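Heads up, the thing below is written out as structure tokens.
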Amino acid sequence: MTNIASREAIWLALSQIPPGKVVTYGELARMANLPRAARLAGTVLKQLPENSQLPWHRVINAQGKLSLPASTPAGKEQARRLTAEGVIISAGKVSLAQFGWLR
DNA sequence: AGCGTGACACGAC
DNA sequence: GGTCGTGCCACGC
């Protein structure tokens, strides 16, 4: 599996996440057939272009929290988009109802 | 080739 | 509930 094919697999998996649901980095990697590439998922998301249509905001860490600092613009944007989709966030954590889609 | 780094995960304490 | 250590994949120097 080449490095770029892995990135593409992540992109594809990312595009499959429906609005109102969230997945963890590890789950995203599994969806992309890269069971142990949770870290890669993070680096790929980080390098996504601004203009991307992919739902990068639906990816959170295994503790149910947003990995982006709430102090940063991107962090606020992620929270804003999620709540706009009906995802309930309290104290930086996502409610279990929409967590763990595909499991 | 070696070593450090990161939007991570998981099992032990 | 926390913190720590290890394992992971890919990059960059």
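Quick note on labels: first sequence line is chain A, next is B, and so on, each numbered from 1. Source: prediction; values computed, not measured. These numbers come from the heavy atoms of this one structure, side chains and all, not from hydrogens, waters or symmetry mates.
- Taking the P atom of each, dA7(B) and dT6(C) are spaced 22 Å apart, rounded to whole Å.
- A salt bridge links Arg81(A) to Glu77(A): one of the charged nitrogens lies within less than 4.0 Å of a carboxylate oxygen.
- Taking side-chain N and O atoms only, Asn3(A) has no distance below 4.0 Å to OP1 or OP2 of dC9(C).
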Show me the donor-acceptor pairs within less than 3.5 Å that the side chains of residues 37-52 of chain A make with the rest of the protein, sequence neighbours left out.
residue	atom	partner	partner atom	Å
Thr43(A)	OG1	Arg39(A)	O	3.1
Thr43(A)	OG1	Leu40(A)	O	2.8
Ser52(A)	OG	Leu54(A)	N	3.1

Within the 4.0 Å limit for protein heavy atoms, which parts of nucleotides 6-13 of chain B are touched? Write it as a string from 5' to 3', B for base, S for sugar-phosphate only, - for none.
BBBSS---

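- Between Ala62(A) and Thr24(A), the shortest heavy-atom distance links the atoms CA-CG2, 3.8 Å.
- The interatomic distance linking Arg36(A) (CZ) with dA10(C) (P) rounds to 11 Å, in whole Å.
- A donor-acceptor pair is defined here as one N or O able to donate and one able to accept, closer than 3.5 Å; no such pair exists between the side chain of Arg58(A) and the backbone of Val23(A).
- Listed for the Gln78(A) side chain is a donor-acceptor partner under 3.5 Å among the backbone atoms of His57(A).
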